[in-house]
2 protein chains.
Amino acid sequence: MGLAKTEIFTDAQNEVAYYAKAFGHPARVAILQYLFKINACVCGDIVNEIGLAQPTISQHLKELKHLGLIKGNVEGTSVCYCIDLEKWATMKNSMERFLNMDLARKDCC
Amino acid sequence: MGLAKTEIFTDAQNEVAYYAKAFGHPARVAILQYLFKINACVCGDIVNEIGLAQPTISQHLKELKHLGLIKGNVEGTSVCYCIDLEKWATMKNSMERFLNMDLARKDCC
DNA sequence: TCCATTTATCGTAATATCACAATAAAACAA
DNA sequence: TTGTTTTATTGTGATATTACGATAAATGGA
């Protein structure tokens, strides 16, 4: 079906999956890293930085924007993207709660 | 194309994407949480715990096993799955390095 | 106004993912 | 051996993802 049965999972589980899915493509990982590196907000030279076509980058940016992890400010003919640090913190919280499951666990099998 | 251009990204970027992709489905998140919760290793009552058909669970388990995050021990007719804590730590390291990009960053835009 | 620049959107081809019914395979019990 | 239980595999339909050429839309400058 290509369609996950989100109804049967908890909000927390769906949230982890939701964010993780966004990081499930190296281009989006690279875009986020680049936006963090270039402290000042940067626009479409992301296309030059990453080796993908402009429509492809635009598509990835749209997904990240939809998640709320980045914001885009229109500046003349170009758009300046940057990380939404508040949202990043929220996401990080959710992901870390998941990743830290191992603390408090003993060995197995 | 439905095919990511992994060649143009760094190993670290691809690794984050690789793990994140696995967490990109709530069923796999739920399976891992369940395996952590049931400290003793657990077999196919994962199917009962999660509300998905047996072949579907088997498929998700296969992916997690392929990643190395879980191990399966055959015990008679059933298979006992458990978290591979060592691999989990490796994965966590990779993910946290990515998630902690924000430390050391100022505000933007 | 007309053109150049930049980004977004559309359309589409190739591939991947998700879910499950049907069935096979493996192991044990009677 | 025959049946039972448990898990894996196969096959398939529905949908999602990735990538990009072509084009539209927006803005500023000549």
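In what follows, every chain begins at residue 1, and chains take the letters A, B, ... in the order their sequences are listed.
The side chain of A/His60 approaches D/dA19 more closely than any other nucleotide in the set C/dT7, D/dA19, C/dT9. Checking C/dT15, D/dC20, D/dT7 against every side-chain atom of B/Leu3, the shortest atom distance belongs to C/dT15. When distances run from any side-chain atom of B/Ala4 to the nucleotides C/dA8, D/dA19, D/dT9, the shortest one goes to D/dA19.
B/Ile57 comes within contact range of no nucleotide atom at all, as no heavy-atom separation falls under 4.0 Å.
With sequence neighbours left out, B/Ala12 forms a side-chain contact (heavy atoms from CB on, under 4.5 Å) with B/Thr10. In this view, B/Gln33 and A/Gln13 satisfy the side-chain hydrogen bond (donor to acceptor under 3.5 Å, both in side chains) rule, not counting sequence neighbours.
When side chains are defined from C-beta on, B/Glu96 counts as touching B/Asn100, because their heavy atoms get closer than 4.5 Å. Contact check for A/Ile83 versus A/Leu69: no side-chain heavy atoms found under the 4.5 Å cut-off. Counting only heavy atoms from C-beta outward, the side chains of B/Tyr81 and B/Ile38 never approach each other to under 4.5 Å.
Distance CD (B/Gln59) to C1' (D/dA14): 14 Å, rounded to an integer number of Å. C/dT17 atom C1' lies 18 Å from atom CZ of B/Phe23, rounded to whole Å. Per the geometry, CD belonging to B/Glu7 stands 12 Å off C1' belonging to D/dA19, to the nearest Å. Taking atom CG on A/Leu52 and atom C1' on D/dG21, their separation rounds to 15 Å, with Å as the unit. Between the C1' atom of D/dA16 and the NE2 atom of B/His25 lies a distance of 12 Å, rounded to the nearest Å. Note: NE2 (A/His66) to P (D/dA16) measures 14 Å, nearest angstrom. One interatomic measurement links the two molecules: CG of B/Asn73 to P of D/dT6, which rounds to 18 Å at whole-angstrom precision. Atom CG of B/Leu64 is separated from atom P of C/dT17 by 13 Å (rounded to the nearest Å).
For D/dT6, neither phosphate oxygen OP1 nor OP2 lies less than 4.0 angstrom from any side-chain nitrogen or oxygen of B/Tyr81.
Legend: side-chain hydrogen bond (donor to acceptor under 3.5 Å, both in side chains) pairs involving residues 47-56 of chain B, not counting sequence neighbours: none detected.
In this structure, B/Lys65 and A/Gly51 both approach DNA chain D, and ranking their closest nucleotides by distance from the 5' end singles out B/Lys65.
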Worked check of side chain to side chain contact (heavy atoms under 4.5 Å, CB included) between A/Leu35 and A/Ile46: CA-CA 9 Å; A/Leu35 287 180; A/Ile46 298 173; 4.1 Å; yes
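Within the 3.5 Å criterion, the main-chain N or O of A/Glu86 finds a donor-acceptor partner in the side chain of A/Thr90.
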Contact pattern, 5' to 3', of nucleotides 22-30 of chain D - B, S or - by protein heavy atom under 4.0 Å: B----BS--
Give every donor-acceptor pair under 3.5 Å between a side-chain atom in residues 15-28 of chain B and any protein atom, sequence neighbours left out.
| unit_1 | atom_1 | unit_2 | atom_2 | d |
| --- | --- | --- | --- | --- |
| B/Glu15 | OE2 | B/Ser94 | OG | 3.3 |
| B/His25 | ND1 | B/Ala27 | N | 2.9 |
| B/Arg28 | NE | B/Ala22 | O | 2.7 |
| B/Arg28 | NH1 | B/His60 | ND1 | 2.9 |
| B/Arg28 | NH1 | B/Glu63 | OE1 | 3.2 |
| B/Arg28 | NH1 | B/Glu63 | OE2 | 3.2 |
| B/Arg28 | NH2 | B/Lys21 | O | 3.4 |

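A heavy atom closer than 4.0 Å to some atom of DNA chain D occurs in no member of residues 11-21 of chain B.
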